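Okay, structure first, notes after.
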Amino acid sequence: MTFDTWDGDDESAAGRFVPLYVLVNGRTAPRDSTLDLATQVVALPVDTRRLEPEYTAIVHRCSTWMSVAEIGAYLHLPLAITKVMVDVLVEQGYLGVGTPAQQNIIDLHLLDSVLAGLERL
Amino acid sequence: MDRTSVKIVVAGGFGTGKTTLVASVSEIPPLTTEEILTEASVGVDDLTGVEGKKTTTVALDFGRITISPDVVLYLFGTPGQDRFWFMWDELAQGAVGAIVLVDTRRLDSSFPAVDYFERRGIPFVTAVNRFFGECDYTEEEIRGALELDPRVPLVWCDARDRPSSKLALVTLVRHAMKRLTARAPA
Ligand SMILES: Nc1nc2c(ncn2[C@@H]2O[C@H](COP(=O)(O)OP(=O)(O)O)[C@@H](O)[C@H]2O)c(=O)[nH]1
Ligand SMILES: [Mg+2]
């Protein structure tokens, strides 16, 4: 049996590709590097009338807590772009941000509640 | 007001049942999100610069399970081609761990996933999908072929079956907890 083992040095066709970052409000990468695709955000009760329609659409989607990945999926936006736009909205006070996944990995108490939640399924 | 996200990665070769497993336990039909990729050498800072440049997209499926009023578990399937390693890095970062689905007809297609999580010390369990009920291999043979550490749990599963997928998830979380407790000072 031959195995396709990854040697850490990806020279395959896909290895030449990186996420496309698009300039959004003068920014090409999220300012808040803890914002990951599972991080949830929620609309804050502020007036959105001055926002551009693309941004308003995000805020409206977040009437309940919503992850960056869900926003991207529902609004058909690529992940990198969704992240930058969400970041702009958080910075400008339109969205509140929850605790991202990567901060909790060592939390046994949290894993306990995840286990209990799964057992209820 | 807080809201905590928890991630689990569902990995394995193409057609091993990743999307099926996510669908069987998710409270919403699996969603798909896309990343647009561009050639590494090109410094793109404007959509107009993309014209004529080589781009490709990579899609990920995911589902969600509400654990409690303030905790949501997201299940992310790895992209179809397991060559997009940087996407795996993003998915694996901060994840509880991974379920590696194994199709007994093509054991080798899940080897890169096993190798990926093993090298990074990320907790994972293997879930052997018995597509047609029968399986030509014993657990020992599968462990041998995948070079599994004896401590890595192996469960038999049918990704279409909710209780079966649930068992794989529960086994993973228990395994991750056991590793955490083992590492903590007594
Ligand atoms: N018999 C059987 N078929 C399955 C099982 N899991 C997935 N399938 C089927 O196998 C095909 C590929 O599954 P999919 O979830 O799309 O694989 P993915 O590429 O890993 O996401 C689909 O047609 C599924 O219906 C299983 O446990 N048993
Ligand atoms: Mg799939």
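In this text the structure is predicted, and so the values were computed from the model without any measurement. Chain A is the first sequence line, chain B the second, and so forth, proteins listed ahead of strands; every chain is numbered from 1. In what follows, every heavy atom counts, from backbone to side chain, and hydrogens, waters and symmetry copies are set aside.
- Taking chain A as the reference chain and counting heavy-atom pairs below 4.5 Å, the highest number among B:Val72, B:Leu172, B:Val71, B:Leu167 is found for B:Val72.
- The CG atom of A:Leu115 sits 5.0 Å away from atom CZ of B:Arg174, with the distance rounded to the nearest 0.5 Å.
- For B:Leu60, the part lying under 4.5 angstrom from a heavy atom of chain A is the side chain only.
- The distance from atom CD1 of A:Ile58 to atom OH of A:Tyr74, rounded to the nearest 0.5 Å, is 14.5 Å.
- The aromatic rings of B:Tyr116 and B:Trp85 lie parallel to each other, with less than 30° between the two planes, well short of the 60° mark.
- In terms of heavy-atom pairs under 4.5 Å with chain B, the best-connected choice from A:Ser67, A:Gly72, A:Ser113 is A:Ser67.
- Taking all atoms of both residues into account, the shortest heavy-atom contact from B:Val10 to B:Val22 is CG2-CG2, 4.0 Å.
- Under a cutoff of 6.0 Å and an axis angle of 45°, B:Arg64 and B:Phe62 do not form a cation-pi pair.
- If you measure heavy-atom distances from B:Leu169 to chain A, the contacts under 4.5 Å come from both the backbone and the side chain.
- For B:Glu90, the parts sitting under 4.5 Å from any heavy atom of chain A are the backbone and the side chain alike.
- No other option in B:Thr66, B:Val114, B:Leu91, B:Thr32 has as many heavy-atom pairs under 4.5 Å with chain A as B:Thr32.
- Contacts between A:Ile71 and chain B at a heavy-atom distance below 4.5 Å are absent for every atom of the residue.
- Of all non-hydrogen atoms in B:Val100 and B:Ala113, the two that sit nearest each other are CG1-CB, 3.9 Å.
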